[in-house]
There are 2 protein chains.
Amino acid sequence: MERLLKTIKIAINEKIYLKDPESSQLGKRIIEHSILMIDEIGFESFTFKKLGVVIGSNESSIYRYFENKHKLLVYLTSWYWGWLEYQLVFATNSMTDPKEKLEKTLAIVSKSTVQDNAFTHINEVLLNKIVVNESSKSFLTKEVDLENKEGYFVIYKRMVNRLEDMIKAFAPTYDYPSSLASTILEGTLHQHFLKDHFPTLTNCDDKRTPGDFIADLVFKTLNQHNSNG
Amino acid sequence: MERLLKTIKIAINEKIYLKDPESSQLGKRIIEHSILMIDEIGFESFTFKKLGVVIGSNESSIYRYFENKHKLLVYLTSWYWGWLEYQLVFATNSMTDPKEKLEKTLAIVSKSTVQDNAFTHINEVLLNKIVVNESSKSFLTKEVDLENKEGYFVIYKRMVNRLEDMIKAFAPTYDYPSSLASTILEGTLHQHFLKDHFPTLTNCDDKRTPGDFIADLVFKTLNQHNSNG
DNA sequence: ATAATATAAAAGTATTACTATTATTTTTGC
DNA sequence: GCAAAAATAATAGTAATACTTTTATATTAT
């Protein structure tokens, strides 16, 4: 998989950036260090000026890649979902049994991220932390409808729709396949957050993971549905 | 209920404000118009300066009530959860059947908010919209652990724990009562958001509500659990 | 070698998120 | 009803943010 991914590029909607950060060394440094910095100080405190200082570059040069830090966040989360989607499709493509396929899918979307060395300038473990802690801010804005229309969130939506399809294949008459799919993704992220900051609001920890909870929830729901109509 | 609530005050942790906004006319105007304004322009664009202009008061006077807009958001969401908690306890207190009680609870926490005239300066419908669109930003911060330790989120946590207790009463051996409880609250808000902005990611609309989805999810899960162990 | 492009440096602007000081108004305690 | 205290308003000021613009320098492509 590693070798294959080295030739693969996660395709991000061109409207999100002014200049493709994958097209230059500076662009890659922007991505690499924005991940480190947002993880370290949080999205609110993160600025292009501070980023410029640590990558030894000028604020104005960063503005030639991204209009503002919000679009950079949209880029980073899109990249993450594209990367996860790739893993998902790769791992489940050959599977035929709907149950196995759904199980594998849940395992992939809810597992703790491990470093993937295929993309040397992207730290996937930290990017996953950013998705847990910051990604809601990319769509909880007044501009969400406009940006959605422009296609900023297509990768995420495609991911939810893939999950929806797997749910339908396993339980064709279930009434809420897309609501369950979106709940799986958001719910998993939220349980990861609670595990780290509000342990009394979750039963998840290092032994019973958010993935275990979600798998239990999904299969209890769909099995009950399949057996009782 | 209306008359009773007129004598009730939602108790908010005193560390969240510098001066209790319920203690003066100016304070109430701050709350009233911050709700209108955050709903209208969004939390990012909302400033104390703009609020001062519309309430005909000075920026510096607002700073005597709240240190910054983040604490005001924490106050507003706390008030909302306290208000919902009150309705929940009031409506379910006399119930004895665990199933009925859980059903009623789900109905209350997931229903579309209607205006409550008991608190004249608070528009609960708009406040509910703010909770859907902005409340995640109150805890997705680098300061969350510190603020949690200071008790900023006690009301929300108490609400999740009440839900957890109802789940336990109905399904005493279920493994994930608090994870399910937190998923119910966050999931409901998220489905409301999707319904308004990403209709392809949810099956909920005006006919099949987020409440219907969540009730279906919860009872399918817990019934399956109760019958299969 | 020249032109085109990318990056860096510097300066400037409007706004934000405050703090501090002083003046004025309102409330309260006697 | 008056003085003291408290609350609010007005004004000014600061440092940082979120940019934009201009110009200079370096890099790359033809």
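A, B, ... follow the sequence lines: proteins, then strands. Residue 1 opens every chain. Just so it is clear, the values below take in all heavy atoms, side chains as well, and ignore hydrogens, waters and symmetry mates.
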Chemist: For residues 57-64 of chain B, please give each side-chain donor-acceptor pair under 3.5 Å, one per line with the distance, not counting sequence neighbours.
Modeler:
| residue | atom | partner | partner atom | Å |
| --- | --- | --- | --- | --- |
| B/Asn58 | OD1 | B/Ser60 | N | 3.1 |
| B/Asn58 | OD1 | B/Ser60 | OG | 2.9 |

Chemist: Calculate the interatomic distance between B/Leu73 atom CG and C/dA17 atom C1'; express it in whole Å.
Modeler: 16 Å
Chemist: Return a single string for nucleotides 9-18 of chain D, one symbol per nucleotide in 5' to 3' order, where B is base contact, S is sugar-phosphate-only contact and - is none, cutoff 4.0 angstrom on heavy atoms.
Modeler: BBB-----SS
Chemist: Would you please confirm or rule out a distance under 4.0 Å between OP1 or OP2 of D/dA6 and any side-chain N or O of B/Lys19?
Modeler: no
Chemist: Would you be so kind as to tabulate the donor-acceptor pairs closer than 3.5 Å made by side chains of residues 38-46 of chain B, with sequence neighbours excluded?
Modeler:
| residue | atom | partner | partner atom | Å |
| --- | --- | --- | --- | --- |
| B/Asp39 | OD1 | B/Lys129 | NZ | 3.3 |
| B/Glu44 | OE1 | B/Lys137 | NZ | 3.1 |
| B/Glu44 | OE2 | B/Lys137 | NZ | 3.3 |

Chemist: Between B/Ser24 and D/dT8, is there a contact of a side-chain N or O with OP1 or OP2 at under 4.0 Å?
Modeler: yes
Chemist: If you count heavy atoms of other groups shown closer than 6.0 angstrom to NZ of A/Lys104, is the number above 12?
Modeler: no
Chemist: Provide the full list of ring pair (Phe, Tyr, Trp, His ring centres under 6.0 Å) pairs with a residue in residues 142-161 of chain B, sequence neighbours left out, each pair given once.
Modeler: A/Phe198-B/Phe153, B/Trp81-B/Tyr156
Chemist: When you measure from the side-chain N and O atoms of A/Tyr65 to the phosphate of C/dT7, is any distance below 4.0 Å, counting only OP1 and OP2?
Modeler: yes
Chemist: Nearest-Å distance, CD (A/Gln25) to C1' (C/dA6)?
Modeler: 14 Å
Chemist: Excluding sequence neighbours, so at least two apart, what forms ring-ring contact (aromatic ring centres under 6.0 Å, His included) with A/His197?
Modeler: A/Phe193
Chemist: A/Ser23: which residues meet the side chain to side chain donor-acceptor pair (under 3.5 Å) condition with it, sequence neighbours left out?
Modeler: none
Chemist: Can you check the B/Ile62 CD1 to D/dA7 P distance for me, whole Å?
Modeler: 17 Å
Chemist: Without decimals, in angstroms, what is the distance between B/His70 NE2 and C/dC18 P?
Modeler: 11 Å
Chemist: In whole angstrom, give the distance that lies between atom CD1 of B/Ile30 and atom C1' of D/dT8.
Modeler: 11 Å
Chemist: Would you kindly give the CG-to-C1' distance between A/Leu18 and D/dT20, to the nearest whole Å?
Modeler: 13 Å
